[in-house]
Amino acid sequence: MAQNGGGDPGHAAVETYCFQPEVFVEPHFTVEGFIKECKLRVPMAELKVDLDKYHDSLQSSMFTLINKDYGEFLSLSSNLAGLDKSIREITTPLGDLQTDVQKLKDAMDSEIAELEQRIARRTQIRDRKALCQKYLNISASIEKIEKLLAGAAEEMSGGTAEEALSRGSGELIERVASEFNQLQFYATQCDRSPFLDALGPRISSITALLQKGLELSFRRGLEEGDREVLRQCLRTYSIIDKVSVAETLFRDIVVTSYAHEHITQQAVRESGLQEVYADILKFVEDRCAALCSVAAQLNITACDFVVNAVWPVVAETLSHLSIFASGIADEFHSNYSTTMSFLDEFELLCGSRRSVERLRAHPAYGTFCRRWSLPVYFQLRFQEIAGAVEGLFSEQMRECGEDGRPWRLTVGNSVILLIKRCWAPNVFLQGLTHRFWKLTLQILSRWWCRSVILLAHCARPDECCCRYAQFVTTFCDTALQSENRVTALLLLQDTGELQRRVPEFIGFVADAADESTLKVALDDASSMLDQSVADVRKQHCQRLVKSCSDILQKCGGVPRQYRHTGRKAPTEASDFMRTVFDPLLEFKSAYTAAAIGGDFQTEWEARVFAGATAKYKDLISQLLISSKEMEEQLQRVKKLRKGNPTTQGMSDDDKIRLQLWLDVKVYVQMVSLNPALDADTSALLEELQSLVEKAKPADAGGKVPTISTLDS
């Protein structure tokens with residue numbers, strides 16, 4: 001229950017409600033939401049009672065508030081007496097003041113409007129004066145340039161203005177360029193007008209003369225290799241902001257002719273792609289070095305002949321060669337690797353990081369790189385490598401010779417070779433790192449699916465739910481037959497070897513990707529293989545335990561041998577006890593044939609001894625209990641028939657217990673003398689012996705049968 005927070009402050013008792021009174025003043029209060037929330041806590045009848053109580057409390061508070069200020073409310077009318085007369089007395093002075101203020105405002109507005117008109121007129125006059133000055137400057141610049149060109153032409157004894165500019169002094173061309181730059185500046189500051197339209201032909205003529213003269217001078221500098229002329233031309237182009245024109249001229253005059261002559265399909269066939277690329281790099285060093293050096297000395301940052309003049313022509317010419325075909329994987333790899341090396345060396349000739357960034361951002365660079373069909377090349381390699389992997393697993397597994405160590409089967413050695421082939425220099429490409437890494441993991445997964453899952457499901461093929469279920473079942477039926485056990489063990493050992501080799505795969509791509517990311521993927525693959533090996537061992541041990549336990553199940557026939565058969569008391573262990581561990585012996589022979597280490601054998605034998613002993617203990621316990629119950633039941637029947645019967649000699653149940661005692665003694669001897677015995681198995685043997693010792697007949701004698709230990 002919530003305490004009242006919104007009732008009468010002077011109320012003697014503190015009311016409590018099933019709701020918080022503050023909820024009514026919240027901005028998002030709704031009646032439906034309030035009722036819905038309260039219905040979850042209290043019945044509607046109780047809510048109605050609390051709402052009535054809260055309503056009464058609010059009414060009481062309102063009446064108290066009105067009564068408190070009622071006296072002041074009644075005296076309000078007497079306090080307002082004479083207010084109308086006072087208001088009328090001040091109305092007239094206030095009206096006069098308003099009239100005076102309005103007259104003053106009108107006068108000020110008139111003066112401000114007149115001043116604004118005068119200012120606007122002066123601004124217009126000033127703008128026209130500035131425009132006239134610009135027109136005068138334009139006219140003066142045109143006349144000055146024309147006089148310079150005319151004077152230079154007269155000095156050339158009748159030569160043209162273009163020849164005067166191309167063969168004149170550097171001072172002349174710089175003066176013309178400087179004036180032309182000012183002319184362009186003034187022209188851009190003026191709007192289109194009849195005056196500029198009238199000067200348009202003269203400006204166009206000057207522009208054409210200057211560009212033609214610079215082109216002739218620049219061409220002469222390129223042909224003669226005159227660095228001073230090239231410096232003068234580049235400085236002039238920089239002054240008039242036409243550096244791109246110089247780059248275009250160099251491309252058209254020098255680069256295009258070189259490309260058409262040397263970058264051809266015939267040159268690739270005769271000399272090879274690498275020689276063609278080497279010739280291009282030599283051309284860039286020989287022909288661009290002077291221009292780049294001059295541009296760097298003049299600090300012309302916008303000038304980049306290597307990127308803007310050479311690269312577009314080279315990329316366009318190379319795109320017409322048949323070097324991008326991906327149908328032949330080896331040829332494509334050679335062409336692509338050679339091209340990437342060429343691009344790296346080409347970037348070194350750019351001279352600066354900014355130039356390299358411009359090269360990589362150039363549209364021709366992206367177009368050239370996109371012509372290489374890397375996905376198609378990878379598909380060819382994928383079909384080659386993945387097909388070889390599938391071929392390995394579809395063939396019968398064969399043992400390796402001495403040259404294949406430490407691998408025991410050819411498939412393991414071949415899988416490693418195929419993984420290494422993914423990263424071989426003549427196969428791997430930097431741009432396909434992620435795809436080859438995925439292929440590496442797929443090969444590991446394929447090994448896991450084909451070699452480990454199949455073996456791991458040998459003991460429970462009916463539970464296999466993968467899409468290869470039919471194949472798995474077929475394989476499991478024959479995987480552990482006597483003629484295939486050696487292969488199965490060798491396959492298991494190779495899986496462990498592969499699991500140890502997994503961390504080495506990072507070295508294949510250490511320079512091509514983030515090592516931490518790769519390590520996560522390899523850790524998953526390694527844990528997968530490690531868990532698979534453990535599952536395989538567990539399944540094999542369970543199958544061996546089941547095989548041994550099936551033989552021990554024959555002890556269930558001991559009661560049938562002695563009950564009501566009249567057979568003599570046993571003196572030897574049952575014949576089947578000598579064959580209890582035959583499945584393990586057969587498996588040990590497979591170990592020996594596979595030349596697998598002793599630690600590996602000991603581990604499996606210990607698991608088999610422990611599992612078989614636990615099952616044998618349960619069987620003996622059940623047989624003894626069953627024998628005891630049957631004996632008691634027979635005694636009761638005989639007692640009812642003959643009164644107090646006397647038993648001569650050993651009873652059938654004593655013979656049964658004696659036979660079980662003899663069998664257990666032999667079993668304990670076979671297991672306890674084996675070096676693979678562990679502490680848990682020893683404890684189980686003691687419990688097993690304790691069971692049969694308690695049930696052993698008193699007249700059984702003390703002779704203990706012996707049997708040779710399991711050959712280790």
Side-chain angles (χ1 to χ4, degrees), residues 326-330 332-333 373-401 404 406-424 426-429 432-458 461 464-481 484 486-502 504-505 508-509 521-522 524-526 528-529 531-533 535-536:
S326 55
I328 304 176
D330 292 336
F332 179 88
H333 182 278
S373 302
L374 293 181
V376 176
Y377 167 77
F378 177 76
Q379 284 300 321
L380 295 176
R381 292 303 189 186
F382 179 83
Q383 293 173 6
E384 171 192 340
I385 297 175
V389 172
E390 292 300 323
L392 285 175
F393 290 117
S394 63
E395 297 175 357
Q396 184 177 2
M397 296 185 182
R398 299 186 301 273
E399 294 187 43
C400 282
W407 301 100
R408 310 305 304 277
L409 294 173
T410 55
V411 64
N413 190 33
S414 299
V415 164
I416 287 295
L417 293 177
L418 288 173
I419 291 177
K420 290 182 178 180
R421 177 159 176 74
C422 293
W423 307 99
N426 60 342
V427 173
F428 171 70
L429 292 177
L432 295 172
T433 301
H434 62 295
R435 293 178 182 266
F436 279 108
W437 180 248
K438 181 180 178 181
L439 178 57
T440 300
L441 297 180
Q442 286 175 328
I443 294 174
L444 289 176
S445 178
R446 190 66 184 89
W447 172 284
W448 180 69
C449 292
R450 177 63 175 85
S451 302
V452 179
I453 288 184
L454 296 181
L455 293 176
H457 285 73
C458 285
C464 179
C465 57
C466 65
R467 70 178 193 169
Y468 302 107
Q470 185 62 40
F471 179 68
V472 169
T473 304
T474 304
F475 180 85
C476 291
D477 291 340
T478 59
L480 293 183
Q481 293 176 0
N484 292 331
V486 173
T487 302
L489 290 172
L490 294 177
L491 179 61
L492 183 59
Q493 188 176 19
D494 280 358
T495 301
E497 178 65 24
L498 181 63
Q499 189 266 341
R500 289 189 290 272
R501 292 285 189 93
V502 164
E504 300 177 5
F505 298 161
F508 297 153
V509 286
L522 284 183
D524 292 341
S526 180
M528 175 186 68
L529 291 173
Q531 183 61 39
S532 299
V533 171
D535 290 342
V536 169

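With sequence neighbours left out, the side-chain contact (heavy atoms from CB on, under 4.5 Å) criterion links Lys438 to Gln442. In terms of the side-chain contact (heavy atoms from CB on, under 4.5 Å) criterion, residue partners of Arg435 (sequence neighbours excluded) are, by chain and number, Pro375, Phe378, Leu432.
Separation of atoms CD1 (Ile328) and NE2 (His333) is listed at 15.0 Å; rounding is to 0.5 Å. Between the OG1 atom of Thr440 and the NZ atom of Lys420 there is a distance of 12.5 Å, given to the nearest 0.5 Å.
With Phe332 as the fixed residue, the side chain to side chain contact (heavy atoms under 4.5 Å, CB included) test singles out one of Leu380, Val376, Leu429: Leu429.
Leu439 and Cys422 make their closest contact through CD2-SG, 3.6 Å (heavy atoms, listed as atom of the first residue, atom of the second, distance). Annotation for Arg446 and Val389: closest pair CG-CG1, 4.0 Å, computed over non-hydrogen atoms. Considering all non-hydrogen atoms of both residues, Phe436 and Phe428 come closest at CD1-CD1, 3.9 Å. Shown here for Ser326 and Tyr377, the closest heavy-atom pair between the two residues is CB-N, 4.5 Å.
Applying the 6.0 Å contact sphere to CG of Leu417 captures more than 12 heavy atoms from other residues, nucleotides or ligands.
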